[in-house]
Amino acid sequence: MKEKLPKNYVFQKTEDKIYQIWEGSGFFNPDQCVKKGITKNKVPHYSISMPPPNVTGKLHLGHAEVITLEDILIRYHRMKGDKTVWIPGTDHASIATQNKVEKLLKKEGLNRHKIGKKAFLKRVEKFALESHDNIVRQSKKMGASCDWSREAYTLDQIRHRVVNLVFKMMHADGLIYRGERLVNWCPRCASTLADDEVEYKEQKAKLYTFRYAKSFPFAIATTRPETKLGDTAVAVNPKDKRYQKYVGKTFKVNFLGTALNLKVVTDREVNPRFGTGALGVTPSHSHDDWKIAEANKLKIVKVIDEKGNIRTGFGKYSGLNAAKAREEVTKDLKATGLLEKEEILANSLSLCYRCNTPIEVLPSLQWFINVNKKIRRYGRSIKELSTEAVKVGVFGRKKIRIIPKRFEKEYFRWMENLRDWCISRQIWFGHRVPVWCKGKRIYCGVQAPKGTGWKQEEDTLDTWFSSGLWTFSSLVQKPKQIKIQKGRLVIDSQDFKDYHPTSVLETGYDLIFFWVARMILMTTYAVRDIPFWDVYLHGMVRDDKGQKMSKSLGNALDPLTMIEKYGTDAVRLSLVVGSAPGNDQNLSEEKIAGFRRFTNKLWNIARFVITSQKFGLGEDPALKNNLRVYRLRQALGGQASFSLSDLWILHKMKKLVGEITGDLEKYRFSQAGEKLREFTWNDFADWYLEISKIENNSAKIIILDQILRDLLKLWHPFTPFVTEKIWESFRQGKLLMVERWPTGDFYKKLTGASQTDLINFELIKNIIEAIRSVRADYKIEPRRKIRVIIDIKNRPDYAGTATYSLIESQSDLIKNLHTGVKSLAITESGQKIRKAICRATGGVMIQIPLGGLIDRKKEIARCRKEKTTLENQIKNLKKTLRNKNFLQKAPPTVIEKQKSVLIKAQAELKTITKQLTELY
RNA sequence: GGGUGAUUAGCUCAGUUGGUAGAGCGUCUCGUUUACACCGAGAAAGUCGUGGGUUCGAAUCCUACAUCACCCACCA
């Protein structure tokens, strides 16, 4: 039954198999865990709705980050015994997906209009399905322990029903209205965009100063002369004396062939120092001008149509696209002598966030959500509800916690400035607006009304409308489970009852407005509850130079390639360790490679513990297990004897378990990973395992076994594959994934190790390190054994005998832990031995007789440097300890620490001085 | 224009409530120690961006400035 463990961890051969075992076990599903008694069905439960990736292609490192962080939380809570669910899903991402397919069509020389709506949608669905399969495959590669049986899609039947129900409710509450308002329009997508779907790019524009006509008394400045064809007023600052005589007057002018009626109005927002101080008001193509028009009841003249062309009725300019029209208008202004000035101005260009096309602002008949209207049953608007949810808490819930906290401010600011949300899109792919018309009759509902002649709206909904419902829509399994009763949404699914509000929403900070805010908006309104308790925002993954990873730059690391090269566990660690919440991180391939070394190290640590004949392992697993139990009983029965190193490692391990648990509870992933690595590699492998080759006491086997098992558990959320693979060799029938998270109890019960043991062991470590250091300094051949004399006289904080017996008892370690010590003597004379190298550490004097080997100059320089450092340190410490303020105000522990540091430093100084005296 | 973050060893970054600076990678030296060379041992390396302040004590708190990055608003 012996299983050979290869020398190196071969992740390529194990990861997929391990994932299959997990999946096959059914334990991704919390119900199965409860059924098999793995977890108890007691509250609170733990749940995360995975941010659904867009079905636009494949996953990038940002997704890998999401999966890693959430999987860590999920695995931790599952092991803790919480009933834990992680719901996976995908987002149809209407505009993004449609654009992607349009691009594919373009390559084939087609476009969506050519092939028609029906064929196009079929094509999109096929594409979405392929993407979906890819995403699922990749998520599994990443080790995502999500419950695939609960998978959801923002455009499937159930989610469609939820969307329509919420729409219907909002419509009934008067929150959704249809109206002609200014919208952001992407001429390429031929669709509206929400305010935050517009991106801005700095550019240099030309600012033209001109008069509408010779007869017009003053000039105005504009960057978009072509829109001036639709001007209906000129606005000036009310305090601007230059224009006061014109205010209220209306001028009829002929502007390059178009008749304009221009009323001179005032508006406080007009900056008298910009341009000429007079602003041509184009209500149809500027948000500000629209406001001015509303305030002054101005006429609205549309100039640009939805294709980005000048509308009919503007003479020769009609039919031209906006850019061409600008050229023509400018040329004509010049020709007629109306243009007074042309200057360069830095401003920002508005672009579509999906296709980078410059967007137009224009009035259009669209569907909106009123964010300011008070909802009768809440007495507040959705904006107010959402603000309260984070500021003070709503519906008796505590407030939603955003981590890191600084993003709260951004959230509030966004909420404050939020305008009515335009939710209709002229996109084919998505949820159709659930409104049907027949003549003048309008019906809003979940399904088409009965009877003939009803025609559904062609527009689809903003993709964020359905994503905004995600935390609860993903917890519905059957259409029947959700309905409207007495104007309220009723969700009657066990999952919703168990898991909502979800425990944490983990996502990149770039989604705080698009998605996080919208979920709060929609959920507080629709289900009268918050969507999640905590929001954890991670930073962006950039390349090693800090640049954004992108295909066009060719600097994007592909998670799949990285996984093939270094294994999933290494990729996961590299995304988690060394980055702080909300901070961007620069990721290089070298970093990932570094963590592969760690997975291999862990593998070999386990290999050593498991296969070491010395500890009776490598036997029949069943026997081995019995042995373990037997030895454990023996130890607990007081039969085991613990060495200092045992006490030290047990104490450290106990501390570690507590710290890692605390770190995970507080989302301190990076710290947890670093502490684990530090303990595993340095304390456990480099020290304790090495010691175990020397010391031979009955407790060792249990300690090694126990610590390895617990380390595997602690590591499991971070590196699930390698830990599960190692666990497999224990053959206990139970998966590590569902093992119970460790507590410190074992270590406490077993030993009662204390802080003193830690300090004592540190002294031994220091001594060993000092000896090794001397050997390396003097290039003493490895084979050559040396004599070591340790004098303890100058260490006054220790009773001589205690220190003596401490060192004495550890002489085996001092001799054999890669120090090459032949004989060890402990003295209390304080005498310096002639021709011996001398090191001061931990207050003791370590002497190594080297005879003529001593390099006097080198030693003198070294000692002098050390002496100066010590003297300065002592001076400062004394100064501090003499300071009355310090003694009064500093906490006692700090004072004690300073005192002991001083004593040690003084002892070390004595040693150094002695050494120097001899050398001179 | 408003705001946020960053500035710590050659590089990439940690640093919980103020107690006197850490890791990984890289560099240098040595090593075939029976788990691992994807290893081990040792070493070098930092005025914690700059100036001021609070404090017994500041990488950490306050303030001003500089550089970089990002977000929001305006942009006639």
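Chain A is the first sequence line, chain B the second, and so forth, proteins listed ahead of strands; every chain is numbered from 1. This structure is a prediction, so every number in the text was calculated from the model and none was measured.
- Comparing the C1' positions of C36(B) and U32(B) gives an interatomic distance of 13 Å, to the nearest angstrom.
- Along RNA chain B, the nucleotide nearest to Thr880(A) and the one nearest to Trp687(A) differ in position, and the one closer to the 5' end is contacted by Thr880(A).
- Rounded to whole Å, the separation between the P atoms of A69(B) and A64(B) comes to 23 Å.
- Protein atom CZ of Arg406(A) is 21 Å distant from nucleotide atom P of G2(B), rounded to whole Å.
- Screening Arg772(A), Lys858(A), Arg862(A) for a salt bridge (Lys or Arg N to Asp or Glu O under 4.0 Å) with Asp777(A), the sole residue that qualifies is Arg862(A).
- Going from the P atom of A66(B) to that of U50(B) covers 16 Å, rounded to whole Å.
- Comparing G24(B) with C38(B), their C1' atoms are spaced 14 Å from each other, to the whole Å.
- A distance of about 11 Å separates the P atoms of C62(B) and G18(B), rounded to the whole Å.
- In this structure, C70(B) forms a base pair with G3(B), meeting either the Watson-Crick or the G-U wobble geometry with both donor-acceptor distances under 3.5 Å.
- Between the side chain of Glu690(A) and the base of A35(B), a donor-acceptor pair under 3.5 Å is found.
- The interatomic distance linking Phe608(A) (CZ) with G40(B) (P) rounds to 14 Å, in whole Å.
- No hydrogens or angles were tested; on distance alone, nothing pairs the side chain of Lys601(A) with the base of C38(B) as donor and acceptor under 3.5 Å.
- A donor-acceptor contact closer than 3.5 angstrom is absent between the side chains of Asp683(A) and Tyr688(A).
- In this structure, Tyr9(A) has its ring center at least 6.0 angstrom away from the ring center of Phe721(A).
- In this structure C25(B) sits in a base pair with G10(B), meeting the Watson-Crick or G-U test at under 3.5 Å.
- For the pair Arg784(A) CZ and A41(B) P, the computed distance is 23 Å after rounding to whole Å.
- Proximity of Arg224(A) to Ile304(A): side-chain heavy atoms (C-beta onward) are separated by under 4.5 Å at one or more points.
- Residue Arg413(A) places its side chain closer to C71(B) than to any other of A35(B), C71(B), U55(B).
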